[in-house]
Number of protein chains: 2
Amino acid sequence: MEYVQELKIFENYLAENNMHLTRPRKVILQVFLQTEGHMEIEELFEKTKMVDKNIGRATIYRAMNLLVESGLAQENSLIEDKKCFERVYGRKHHDHLVCTRCKKIEEFHHPMIERFQEKTAKKHQFTLISHHMTLFGVCQNCNCNM
Amino acid sequence: MEYVQELKIFENYLAENNMHLTRPRKVILQVFLQTEGHMEIEELFEKTKMVDKNIGRATIYRAMNLLVESGLAQENSLIEDKKCFERVYGRKHHDHLVCTRCKKIEEFHHPMIERFQEKTAKKHQFTLISHHMTLFGVCQNCNCNM
DNA sequence: ATAATAATGAAATTGATTATCATTATCATA
DNA sequence: TATGATAATGATAATCAATTTCATTATTAT
């Protein structure tokens with residue numbers, strides 16, 4: 001079994017809340033961890049079906065919420081009107097750059113922006129919890145093929 | 001009739017697209033312009049009902065899309081799972097700071113952040129079109145009453 | 001005034017997500 | 001390792017915002 005750390009975190013979270021590490025949850029965790037980048041429910045549903053075709057969509061929704069609550073996953077709102085998840089444990093914080101034509105997603109991190117966000121929050125007397133920042137543009141490839 | 005500028009912009013946009021400035025559209029524009037801050041469809045629906053109780057929700061949805069397309073309105077995703085609009089014509093660009101407890105929304109503008117966003121896009125060879133940036137935190141008032 | 005066409009409102013539809021509920025699985029305890 | 005209390009599951013129904021459909025009405029160029 002790979003992803004020992006993540007499994008332990010999930011187990012702990014479940015135990016703390018009197019929940020069980022069931023087979024479907026194990027499968028969903030594995031599929032989630034093995035998927036690169038951003039993923040939608042439907043993609044996870046298709047992939048879990050390969051492993052166990054009995055796992056239903058509702059269970060995916062439920063399990064993904066648990067993964068977010070346990071700190072392993074993060075929900076992004078990159079896609080309009082759809083939930084979208086990505087790994088967060090063991091990965092550095094980053095924001096996103098989305099090509100509005102081909103939908104390609106790139107990640108970036110800008111420490112100065114983060115610092116200014118902190119300062120802005122302080123100036124408004126807010127205790128900063130998190131932020132969403134997404135830049136929308138046209139990538140080089142799409143720019144050339146216009 | 002107030003908001004001569006805005007009305008002219010809307011009229012132009014409609015004319016350019018072979019669409020008509022109808023009474024419902026006029027009413028919706030007025031209600032939209034007279035509403036401060038951020039508004040949801042339901043709020044606009046209630047307010048237009050005061051002026052003309054026959055205007056339906058579908059017409060509000062359709063008109064708001066036109067207002068966005070004409071550059072008078074902007075759609076924000078501050079509220080999960082719901083459309084949210086605000087005036088954009090004649091107002092300065094700004095981003096948002098949302099209190100996660102009382103849902104209060106404050107506006108801010110940070111030129112340095114904007115500049116770094118530009119630089120980041122350039123570095124990734126993206127032609128920047130727009131961005132979403134929202135900071136989530138707890139406002140002073142909510143912090144005290146915890 | 002009158003065609004040609006656009007817009008409307010009511011109702012139906014969509015599509016993602018959540019809730020329900022009977023059944024099944026899990027696990028601490030005996 | 002059996003048992004019973006409880007949690008989880010999957011199928012299905014329900015929800016809810018948003019969109020589409022469509023017969024009717026309004027608009028505008030002529």
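As a basis for the values below, the full set of heavy atoms in this structure was taken, side chains included, without hydrogen atoms, waters or symmetry mates. The chains referred to below are lettered A, B, ... by the order of the sequence lines, with proteins before strands, and numbering in each begins at 1.
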Discussion item. Evaluate A/Glu75 against A/Lys83 for side-chain contact (heavy atoms from CB on, under 4.5 Å), listing each step before the verdict.
Written reply: CA-CA 7 Å; A/Glu75 200 182 316; A/Lys83 292 203 168 185; 3.7 Å; yes
Between [X] and [Y] (salt bridge meaning N to carboxylate O under 4.0 Å), is one present in this structure?
| X | Y | answer |
| --- | --- | --- |
| B/Glu36 | B/Arg87 | no |
| B/Arg115 | B/Glu118 | no |
| A/Lys8 | A/Glu11 | no |

Worksheet item: Does the side chain of B/His109 reach to within under 4.5 Å of the side chain of B/Glu107, using non-hydrogen atoms?
Response: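 In short, these two side chains do not touch, never coming nearer than 4.5 Å.
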Practice prompt. Check whether any side-chain nitrogen or oxygen of A/Lys83 sits under 4.0 Å from OP1 or OP2 of C/dT18, and answer yes or no.
Written response: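 Yes, such a contact exists.
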Practice prompt. Return no unless some side-chain N or O of B/Tyr61 is found under 4.0 Å from OP1 or OP2 of D/dA18.
Written response: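 Answer yes for this pair, as a side-chain N or O of B/Tyr61 is under 4.0 Å from OP1 or OP2.
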Practice prompt. Using five pairs at either end of the helix from C/dA1-D/dT30 to C/dA30-D/dT1, determine the angle between the two local helix axes and round it to 10 degrees.
Written response: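 The end axes of the helix from C/dA1-D/dT30 to C/dA30-D/dT1 are about 30° apart, to the nearest 10°.
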With a 3.5 Å cut-off and sequence neighbours excluded, list the donor-acceptor pairs that the side chains of residues 119-127 of chain A form with protein atoms.
from	atom 1	to	atom 2	distance (Å)
A/Thr120	OG1	A/Phe116	O	2.7
A/His124	ND1	B/Glu106	OE1	2.7
A/Thr127	OG1	B/Asn143	ND2	2.5

Measure [atom1]/[X] against [atom2]/[N] and give the value in whole Å, please.
| X | N | atom1 | atom2 | value |
| --- | --- | --- | --- | --- |
| B/Leu21 | D/dA26 | CG | P | 16 Å |
| B/Lys82 | D/dC16 | NZ | P | 10 Å |
| B/Leu44 | D/dA18 | CG | P | 11 Å |
| B/Asp81 | D/dA18 | CG | P | 9 Å |
| B/Glu43 | D/dA17 | CD | C1' | 16 Å |

Item to complete: Going 5' to 3' through nucleotides 3-11 of chain D, assign each nucleotide B (protein heavy atom under 4.0 Å from a base atom), S (under 4.0 Å only from sugar-phosphate atoms) or - (no protein heavy atom that close).
Response: ----SSBB-
Worksheet item: According to a 4.5 Å side-chain heavy-atom criterion applied to Ile, Leu, Val, Met, Phe, Trp and Tyr, with indirect links allowed, do A/Ile9 and A/Val31 form part of one hydrophobic cluster?
Response: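 Linked, A/Ile9 and A/Val31 end up in one cluster.
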Worksheet item: With distance as the sole criterion, is a donor-acceptor pair present between the side chains of B/His110 and B/Asp95 under 3.5 Å?
Response: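 Distance-only check fails for B/His110 and B/Asp95.
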